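Taking it in order: structure first as structure tokens, then the write-up.
By convention here, the first residue in the shown sequence is residue 1. These numbers come from a predicted model, not from an experiment.
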Amino acid sequence: MIDYEWRGRFDNHEVNTLHAEGFAHRVLDDDWWGQVNRHSLGWVCARDGADLVGFVNVAWDGAAHAFVLDTLVAGPVRRRGVGRELVARAVEGARAAGCEWLHVDFDDGLGPFYFDSCGFRPTEAGLIAL
């Protein structure tokens, strides 16, 4: 059984490992704990027993807008609703904090997940590569 926790505890190595798997890069030594505690509205951890198998970060502007970032699900539990539940918990957390909007951007192939499974709707947006 997968357990979900808003603003759940994790160690940096767990998220760095999950991020490397999710975004196909080497394992980094980023300070996720410090970063989310300084800058995020919250985050959701998914655990299968003691193992971190899912994570999503919810950044915000300090007011009405929150942003889904770094939705990550470990390979062995993909296609079992873990990602959908992570985002649902992120929606709950942002709503409880008084946010009016939850934004997400994603690679083209993830449209069906975010639109069909998670309830986001398409909008026009802009982007500048820096």
Side-chain angles (χ1 to χ4, degrees):
M1 177 175 162
I2 308 291
D3 294 309
Y4 300 86
E5 185 177 9
W6 174 251
R7 296 182 67 92
R9 297 281 308 165
F10 62 84
D11 69 50
N12 288 323
H13 183 71
E14 289 179 303
V15 177
N16 280 311
T17 300
L18 199 56
H19 198 276
E21 178 185 358
F23 290 101
H25 61 75
R26 67 180 176 78
V27 177
L28 303 174
D29 189 27
D30 291 340
D31 180 12
W32 281 92
W33 185 253
Q35 185 177 358
V36 297
N37 276 282
R38 279 190 308 275
H39 302 294
S40 296
L41 171 66
W43 56 91
V44 182
C45 294
R47 291 196 176 276
D48 187 0
D51 298 328
L52 185 70
V53 296
F55 178 85
V56 67
N57 184 14
V58 183
W60 71 325
D61 66 354
H65 297 265
F67 309 85
V68 170
L69 300 170
D70 298 308
T71 306
L72 302 165
V73 177
V77 297
R78 288 185 187 152
R79 308 251 183 253
R80 292 179 29 196
V82 174
R84 182 180 61 240
E85 188 62 25
L86 284 167
V87 172
R89 302 290 179 105
V91 168
E92 290 172 11
R95 185 177 289 128
C99 293
E100 298 173 23
W101 299 99
L102 184 62
H103 305 263
V104 66
D105 67 348
F106 49 82
D107 291 335
D108 290 338
L110 294 173
F113 169 71
Y114 285 106
F115 296 141
D116 301 337
S117 296
C118 297
F120 285 88
R121 62 180 173 81
T123 62
E124 295 218 20
L127 178 68
I128 297 174
L130 301 176

Let me check something: do [X] and [Y] share a hydrophobic cluster, defined by ILVMFWY side-chain heavy atoms less than 4.5 Å apart, either directly or through other members?
{"X": "Val58", "Y": "Val82", "value": "yes"}
{"X": "Ile2", "Y": "Trp6", "value": "yes"}
{"X": "Val56", "Y": "Leu102", "value": "yes"}
{"X": "Leu72", "Y": "Leu110", "value": "no"}

Main-chain N/O of [Y] paired to [X] side chain as donor or acceptor, under 3.5 Å:
{"X": "Asp51", "Y": "Val53", "value": "no"}
{"X": "Asp70", "Y": "Phe55", "value": "no"}
{"X": "Asp61", "Y": "Ala63", "value": "yes"}

Query raised in the report: Counting only heavy atoms not in Arg38, do more than 12 fall under 6.0 Å of its CZ?
Result: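 Enclosed: over 12 neighbouring heavy atoms sit under 6.0 Å from CZ of Arg38.
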Query raised in the report: Can you tell me if CZ on Arg7 sees more than 12 non-hydrogen neighbours from other groups inside 6.0 Å?
Result: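 Enclosed: over 12 neighbouring heavy atoms sit under 6.0 Å from CZ of Arg7.
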Taking distance alone, no hydrogens or angles, what donor-acceptor pairs closer than 3.5 Å link side-chain atoms of residues 40-50 to residues at least two apart or in another chain?
residue : atom : partner : partner atom : Å
Ser40   : OG   : Asn57   : OD1          : 2.6
Trp43   : NE1  : Gly8    : O            : 2.7
Arg47   : NH1  : Glu14   : OE2          : 2.8
Arg47   : NH1  : Ala50   : O            : 2.8
Arg47   : NH2  : Arg9    : O            : 3.0
Arg47   : NH2  : Glu14   : OE1          : 2.9
Arg47   : NH2  : Glu14   : OE2          : 3.3

Query raised in the report: So which of Val104, Val91, Asp105 actually passes side chain to side chain contact (heavy atoms under 4.5 Å, CB included) with Val68?
Result: Val104
Query raised in the report: When Phe106 is tested against each of Phe113, Phe120, Phe115 for side chain to side chain contact (heavy atoms under 4.5 Å, CB included), which residue passes?
Result: Phe115
How close do [X] and [Y] get, heavy atom to heavy atom, and via which atoms?
{"X": "Phe67", "Y": "Trp60", "value": "CD1-CA, 3.9 Å"}
{"X": "Leu69", "Y": "Ala59", "value": "CD1-CB, 3.7 Å"}
{"X": "Leu18", "Y": "Val73", "value": "CD1-C, 4.2 Å"}

Requested in this report: Measure the shortest side-chain to side-chain distance between Trp101 and His65 over non-hydrogen atoms and say whether it is less than 4.5 angstrom.
Outcome: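 Yes - at least one pair of side-chain heavy atoms lies under 4.5 Å apart.
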Query - Gap separating the CD atom of Glu85 from the CD atom of Glu92, nearest 0.5 angstrom - result: 7.0 Å
Report task. Could you tell me which residues satisfy side chain to side chain donor-acceptor pair (under 3.5 Å) with Tyr4, sequence neighbours excluded, listed by chain and number? Result ->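 Checked Tyr4 against side chain to side chain donor-acceptor pair (under 3.5 Å); zero matches.
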Give every donor-acceptor pair under 3.5 Å between a side-chain atom in residues 21-30 and any protein atom, sequence neighbours left out.
residue : atom : partner : partner atom : Å
Glu21   : OE2  : Gly75   : N            : 2.6
His25   : NE2  : His19   : ND1          : 2.7

